[in-house]
Amino acid sequence: MAYAVVLGEALIDLLDGESAGERVFRQAIGGAPFNVSVGVARLGGEVSFAGSLGDDALGTRILDYLTEAGVGDRAVVRVPVPTTLAVVTFDGADPEFRFYGSPPSYSLLTEVPRDLLAGSAVVYCGSIVLLHPEFLRAARSAWSEAGGLRVFDPNVRPTLLPTPADVDAFRSVVDEFCASADLVKLSHADAAVLYPGLSLSSVAGDLLSLGAGAVVVTRGAAGALVAFGDERVDLPAPVVEAVDATGAGDSVMAALIAGLLADGPPSTVDGWTRLVAYALQVAGLVCERPGGAVAMPTRAEVAARFGA
């Protein structure tokens with residue numbers, strides 16, 4: 001059976017909210033690539049997570065959750081540091097993140113088993129782990145040894161890029177991975193940080209010119225832009241009652257990977273459009289639930305919400 005390998009961070013989110021009239025921070029397992037791996041498994045795909053976890057009780061909780069979700073843990077390593085915490089606050093449904101823990105527990109992966117990579121149908125990487133030299137080296141090595149499709153998501157966190165020089169350095173890394181990616185998925189917020197002043201169509205066109213096979217730019221409630229070859233398609237998002245957008249972009253990525261595992265890469269813009277339309281339904285359902293990995297749906301749940 002075709003499988004994916006997802007490289008990146010897993011951590012503990014502390015979600016700002018209320019309980020019994022008191023302001024509290026609800027604990028949830030998170031990290032964009034972690035959410036992606038759980039999302040792929042929930043949608044019926046075979047997937048392994050590659051990352052580093054703290055050696056404390058919270059790291060064990062993350063590992064247990066992976067196992068219970070059916071995500072492979074062969075490329076998971078435990079490291080002797082406390083598990084990183086991400087405090088998540090909201091402006092409407094959209095989350096903002098602040099990270100606590102040094103060194104970050106998620107930043108210490110040094111290698112991924114080469115045979116696991118060589119046999120994979122999809123390798124995904126991206127997100128904040130690429131800001132850390134040790135993990136970046138491991139990601140570059142894994143990217144070069146991928147046996148199948150390469151999928152990339154920059155997943156920018158602006159608070160981790162405080163200066164223009166930091167943005168420039170990260171943009172260079174993003175462009176490097178995009179140049180050999182079969183699929184790039186980024187959000188409109190990512191595009192605004194990395195490529196300010198450019199339209200989403202121009203950003204997608206530039207990434208295709210670098211060498212990306214297809215580009216998907218998500219636009220929150222406005223849907224997504226699909227770019228393949230010389231064609232561009234704007235897709236609307238399904239109308240939902242959003243309560244929490246945490247993990248919505250990750251669920252789009254998960255649905256895209258699950259589709260690639262099931263059917264391989266589309267050869268036309270219409271094929272990509274169908275794949276992305278389904279991914280937007282997955283994200284819409286995630287937005288109707290309180291967030292992160294726990295919100296990732298099964299195919300049956302998506303069908304029940306939006307029809308087969």
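All residue numbers in this chain count up from 1 along the given sequence.
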Under 4.5 Å between any side-chain heavy atoms of L58 and L85, yes or no?
yes

Would L207 and D175 count as a side-chain contact (heavy atoms from CB on, under 4.5 Å) here? Give the steps.
CA-CA 8 Å; L207 295 177; D175 288 349; 4.3 Å; yes

Please check if the side chain of R150 supplies one atom and the backbone of D182 the other of a donor-acceptor pair under 3.5 Å.
no

Going by heavy atoms in the side chains, are L117 and V123 under 4.5 Å from each other?
yes

R305 bridged to E288 by N-O distance under 4.0 Å
yes

Verify side-chain hydrogen bond (donor to acceptor under 3.5 Å, both in side chains) between D190 and S187, making sure each step is shown before the conclusion.
CA-CA 5 Å; D190 295 335; S187 70; 3.2 Å; yes

About how many Å separate CZ of F170 and CG of L131, when rounded to the nearest 0.5 Å?
5.0 Å

Give me the one residue out of V216, L183, T218 that meets side chain to side chain contact (heavy atoms under 4.5 Å, CB included) with M253.
L183

Atom CZ of R114: over 12 foreign heavy atoms under 6.0 Å
no

Judged by atom type as modelled, is there a donor-acceptor pair below 3.5 Å linking the side chain of S209 to the main-chain atoms of G205?
yes

I need the minimum non-hydrogen distance between G247 and N35, along with the two atoms involved.
CA-ND2, 4.2 Å

Evaluation steps, side-chain contact (heavy atoms from CB on, under 4.5 Å), between Y3 and V47:
CA-CA 5 Å; Y3 65 87; V47 58; over 6 Å; no

Start with the C-alpha distance between L225 and H188, add both sets of side-chain angles, then the distance that settles side-chain contact (heavy atoms from CB on, under 4.5 Å), and finish with yes or no.
CA-CA 10 Å; L225 170 69; H188 64 105; over 6 Å; no

Report the distance from atom OG of S48 to atom CZ of R74, rounding to the nearest 0.5 Å.
8.0 Å

Out of curiosity, T268 OG1 to F228 CZ, how far, rounded to the nearest 0.5 Å?
7.0 Å

Judged by atom type as modelled, is there a donor-acceptor pair below 3.5 Å linking the side chain of T67 to the main-chain atoms of L63?
yes

Measuring only between side-chain heavy atoms, which start at C-beta, is V156 closer than 4.5 Å to L194?
yes

Can you find a heavy atom in the side chain of D153 that is under 4.5 Å from one in the side chain of Y124?
yes

Donor-acceptor pair, R157 side chain versus L160 backbone, under 3.5 Å?
no

With rounding to the nearest 0.5 angstrom, report the OH to CZ distance, Y106 to F135.
10.5 Å

Please walk me through it: do S127 and E9 pass side-chain hydrogen bond (donor to acceptor under 3.5 Å, both in side chains)?
CA-CA 8 Å; S127 199; E9 73 268 12; 2.6 Å; yes

Backbone of V129 reached by a side-chain donor or acceptor of S107 within 3.5 Å:
no

Compare every heavy atom of L280 with every heavy atom of A237, then report the nearest pair and how far apart it is.
CA-CD1, 4.4 Å

Are the side chains of E134 and T110 in contact, using a 4.5 Å heavy-atom criterion?
yes

On a heavy-atom basis, the closest approach of W143 and S180 is NE1-OG, 2.8 Å

Over all heavy atoms of both residues, which pair between A248 and A283 is shortest? Give the atoms and the distance, please.
O-CB, 3.6 Å

Salt bridge between R78 and D55, side-chain N to carboxylate O under 4.0 Å?
no

If we only count heavy atoms from C-beta on, is the K185 to F152 side-chain gap below 4.5 Å?
no

Check the pair T163, D166 against side-chain hydrogen bond (donor to acceptor under 3.5 Å, both in side chains), reporting the backbone distance first and the verdict last.
CA-CA 5 Å; T163 72; D166 294 320; 2.9 Å; yes

Pair R61 + D64: basic N to acidic O under 4.0 Å
no

side-chain hydrogen bond (donor to acceptor under 3.5 Å, both in side chains) between S141 and S144, intermediate numbers included:
CA-CA 5 Å; S141 177; S144 69; 4.7 Å; no

Side chain to side chain contact (heavy atoms under 4.5 Å, CB included) partner of V215, chosen from L200, L186, D206
L186

To the nearest 0.5 Å, what is the distance between CG on L136 and CD on E176?
6.5 Å

With side-chain contact (heavy atoms from CB on, under 4.5 Å) as the criterion, how do V40 and V71 come out once you've worked through the C-alpha distance, each side chain's angles and the decisive distance to 0.1 Å?
CA-CA 9 Å; V40 173; V71 178; over 6 Å; no

Using every non-hydrogen atom in the two residues, find where F177 and C125 come nearest and quote the distance to one decimal.
CE2-SG, 3.5 Å

Assess whether a salt bridge exists between E301 and R289, defined as any Lys/Arg side-chain N lying under 4.0 Å from an Asp/Glu carboxylate O.
yes

Do NZ/NE/NH1/NH2 and the carboxylate oxygens of R137 and E111 come within less than 4.0 Å?
no

Would you find a donor on one side and an acceptor on the other, under 3.5 Å apart, between the side chain of R299 and the backbone of L43?
yes

Minimal non-hydrogen separation, P104 against T84, with atom names
CA-OG1, 3.2 Å

For T83, does its backbone N or O pair with a side-chain atom of D56 as donor and acceptor, under 3.5 Å?
yes

CG (L149) and CG (L256) are apart, to the nearest 0.5 Å, by 12.0 Å

Within a strict 4.5 Å, meaning less than it, do heavy atoms of the V5 and F49 side chains meet?
no

Check whether any side-chain heavy atom of L53 sits under 4.5 Å from a side-chain heavy atom of S105, and report yes or no.
no

